[in-house]
Number of protein chains: 2
Amino acid sequence: MQISSRFTIALHVLACIAVFEKQLKVTSAFLSGSVNVNAVIIRNILLQLKAAELIRVERGTGGAYLEQPADEISLLDVYKAIEPLEKETLFRFHDNPNPRCPVGRNIHGILDQRLLDVQNTMENELQSMTLADILSDLTTKLQKEKKE
Amino acid sequence: MQISSRFTIALHVLACIAVFEKQLKVTSAFLSGSVNVNAVIIRNILLQLKAAELIRVERGTGGAYLEQPADEISLLDVYKAIEPLEKETLFRFHDNPNPRCPVGRNIHGILDQRLLDVQNTMENELQSMTLADILSDLTTKLQKEKKE
DNA sequence: CCCTGTTGTAATTACCTTCATTACATCAAT
DNA sequence: ATTGATGTAATGAAGGTAATTACAACAGGG
């Protein structure tokens, strides 16, 4: 099972806002064109990013803007804004192990901590990367493009 | 989006096999009773664990057995046996970013490496834990049960 | 004040994955 | 041959993803 593409879409959206917000009005239609998914999907993602206070969206006139500096928006911030993980655990657990089996009645307690460790490790890695890193990679790539 | 419960089911199954294989015939019906999911689900998981050479399954007579020592079966081995992500990545990517947008035509290349780093970090953590660790936790818990 | 462009939001649809369930062929030992 | 188990296919329900249509709410310009 994979993590939904809405996460990478959100990163794409944030990168677009950072790059274009000074030059033009970054609307859901514009973002829809760059990401190439339906504008309603974009708008829902914008709502989630706004709820997490990562961006600001102008209601009537249109346009999205970063609400925090790029180096303070970590990939974990975006991940948590987008992924509505039930009970916050990455790993789903089978519901009703048999309490009359010594393994069945203990497996949940045993695995919970270890799987949480795995999840925390992953989230720490996500926290170590910021939108600024993405933007830095991007300018590097764009400069390479110019040379050719 | 969460990782399928088939992963924790597989760990439950392996723990049961390790605990019971010397005492009784560990059949899919028995495992189904301990895990509390349908026997066909168990059988399919057993097939995947067998394909990964983690267990052996007796065809006509029935019964599953560990094919490797518990301290050589890492949680990553189980994860890879169960989750059919072989060629795919943990993070799904939106398909067709607009190549005429400077962000759109570069976002994939930029994010790929960073998301792969995150995935590798998670997998390394999974590799550091083995079935023997789970069994050790289990015996500790069972001894505590006895005291009460 | 109304028109226009945009956001916020609901509803519908199609598709995919997970898991439960039924059914049955295959197999090994007695 | 009978028995008890595995291997495997097919179907259905439930839930999530994403596309799409539709429209109310809103802000600014003419």
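Every heavy atom of this structure was used, including side-chain atoms; hydrogens, water molecules and symmetry mates were not. So that the names make sense, note that chain A is the first sequence line, chain B the second, and so on, each numbered from 1.
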Report task. Using heavy atoms and a sub-4.0 Å distance, could you list which residues of residues 42-49 of chain B are near DNA chain D? By number, please. Result ->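 Contacts with DNA chain D under 4.0 Å: B/Arg43, B/Asn44, B/Leu47.
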Query raised in the report: Which of residues 23-33 of chain B sit near DNA chain D, with a heavy atom under 4.0 Å from it?
Result: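 Result for residues 23-33 of chain B: B/Lys25, B/Thr27, B/Ser28, sorted by number.
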Query - Aromatic ring pairing A/Phe20/A/Phe30, orientation class (parallel under 30°, perpendicular over 60°, tilted between) - result: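 It falls in the perpendicular class, over 60°.
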Requested in this report: Measure the acute angle between the ring planes of A/Tyr79 and A/Phe7, then classify it against the limits of 30° and 60° as parallel, tilted or perpendicular.
Outcome: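 Ring orientation, 0 to 90° scale: perpendicular.
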Query raised in the report: Just checking A/Gly60: base, sugar-phosphate only, or nothing, at a heavy-atom cut-off of under 4.0 Å?
Result: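 Here A/Gly60 touches the bases of the nucleic acid.
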Query raised in the report: Using a cut-off of 4.0 Å on non-hydrogen atoms, how would the nucleic acid contact of B/Val40 be classed: base, sugar-phosphate, or nothing?
Result: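 Contact class for B/Val40: base.
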Report task. Could you pick out which residue, B/Ala39 or B/Thr61, lies toward the 5' side of DNA chain C when each is mapped onto its nearest nucleotide? Result ->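 The residue closer to the strand's 5' end, by nearest nucleotide, is B/Ala39.
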Query raised in the report: What is the per-nucleotide protein-contact pattern of nucleotides 13-18 of chain C, from the 5' end, where B denotes a base atom under 4.0 Å from a protein heavy atom, S denotes such proximity for sugar-phosphate atoms only, and - denotes neither?
Result: -----S
Report task. Look at A/Asn38 and D/dA18 and indicate whether a side-chain polar atom (N or O) is within less than 4.0 Å of OP1 or OP2. Result ->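 Checking D/dA18 against A/Asn38, no side-chain N or O comes under 4.0 Å of OP1 or OP2.
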Query raised in the report: Is any side-chain N or O of A/Lys50 closer than 4.0 Å to OP1 or OP2 of C/dT7?
Result: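 No.
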Query raised in the report: Out of B/Lys144, B/Glu145, B/Lys141, which residue meets the side chain to side chain donor-acceptor pair (under 3.5 Å) rule with A/Asn106?
Result: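 With A/Asn106 as partner, side chain to side chain donor-acceptor pair (under 3.5 Å) holds for just one option, B/Glu145.
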**Report entry** For B/Leu66, the option from B/Leu54, B/Leu49, B/Val26, B/Ile55 that meets side-chain contact (heavy atoms from CB on, under 4.5 Å)
**Finding:**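 Going through the options one by one, the only one that passes is B/Ile55.
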